[in-house]
Amino acid sequence: DGAFYVFPDISWFFGKSYGSYTIQDSEDMALYILETAHVAIVGGKSFGDERCIRISFSASEEMIHLAFDRIEKALSLLK
């Protein structure tokens, strides 16, 4: 009946690329994660910090684990 959020700093990935994607800001990261990992996250600009992304924990524990596995794989591709 509620949600929890994390707001991690992802600025370490700025300038990194995979394929046609280059991460310049949190909005780029949100689009990259959506299209590569098929997980929806939100860029931090709307929440006051462009260096962060906002991740909601409003799904089942099983879905959260699956989403983080997908995100981890997508992030590992960025060089």
Side-chain angles (χ1 to χ4, degrees):
D1 290 338
F4 294 94
Y5 303 92
V6 293
F7 202 58
D9 183 332
I10 49 95
S11 60
W12 186 82
F13 292 98
F14 292 177
K16 297 191 181 298
S17 300
Y18 174 72
S20 63
Y21 298 97
T22 299
I23 309 302
Q24 299 296 339
D25 57 29
S26 65
E27 298 300 320
D28 288 343
M29 180 64 83
L31 182 61
Y32 172 73
I33 294 297
L34 179 62
E35 293 184 355
T36 305
H38 307 289
V39 176
I41 61 174
V42 181
K45 185 176 183 178
S46 300
F47 300 96
D49 194 339
E50 182 58 39
R51 298 168 300 160
C52 297
I53 54 173
R54 185 174 188 237
I55 302 172
S56 171
F57 287 84
S58 59
S60 70
E61 189 173 339
E62 179 183 346
M63 291 301 293
I64 291 168
H65 284 284
L66 176 61
F68 273 98
D69 288 344
R70 290 178 179 181
I71 291 170
E72 180 180 24
K73 183 178 179 184
L75 293 177
S76 74
L77 298 172
L78 292 168
K79 306 290 182 216

Roughly how far apart are [X] [atom1] and [Y] [atom2], rounded to 0.5 Å?
X	Y	atom1	atom2	value
F14	S26	CZ	OG	6.0 Å
S46	E27	OG	CD	6.0 Å
I33	I10	CD1	CD1	9.0 Å
K73	D69	NZ	CG	10.5 Å
L78	W12	CG	CH2	8.5 Å
K79	F13	NZ	CZ	9.5 Å

| If two hydrophobic side chains count as joined below 4.5 Å and joins carry through other members, does V39 share a cluster with L66? |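 Hydrophobic grouping puts V39 apart from L66.
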
| message | Assigning hydrophobic clusters by single linkage (Ile, Leu, Val, Met, Phe, Trp, Tyr; side-chain heavy-atom cutoff under 4.5 Å), is I53 placed with V6? | response |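 Result: yes, single cluster for both.
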
| Does the ring centre of F57 sit less than 6.0 Å away from the ring centre of F68? |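 Between F68 and F57, the centre distance is under 6.0 Å.
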
Identify the two heavy atoms, one from [X] and one from [Y], that lie closest to each other, and give their separation to 0.1 Å.
X	Y	result
A37	I71	CB-N, 4.0 Å
D25	E50	CB-OE2, 2.8 Å
H38	E35	CE1-O, 3.7 Å

| said: Atom NZ of residue position K16 - does it have more than 12 heavy atoms of other residues, nucleotides or ligands inside 6.0 Å? | reply: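 Result for NZ/K16: enclosed.
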
| request: Indicate yes or no for a side-chain donor-acceptor contact from Y21 to the backbone of L31 under 3.5 Å, with no hydrogens or angles considered. | output: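 No.
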
| Do the side chain of T22 and the main chain of S17 share a donor and acceptor less than 3.5 angstrom apart? |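 A pair under 3.5 Å: no.
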
| Going by heavy atoms in the side chains, are L75 and M29 under 4.5 Å from each other? |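 The answer is yes; the side chains approach within 4.5 Å.
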
| field | Results of salt bridge (Lys or Arg N to Asp or Glu O under 4.0 Å) for D49 - residues two or more places apart only | value |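 Partners of D49 by the salt bridge (Lys or Arg N to Asp or Glu O under 4.0 Å) criterion, ordered by chain and then number, come out as R51.
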
| Which other residues end up in the same hydrophobic cluster as V42, if Ile, Leu, Val, Met, Phe, Trp and Tyr are linked when side-chain heavy atoms come under 4.5 Å apart? |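 Cluster partners of V42: F7, F47.
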
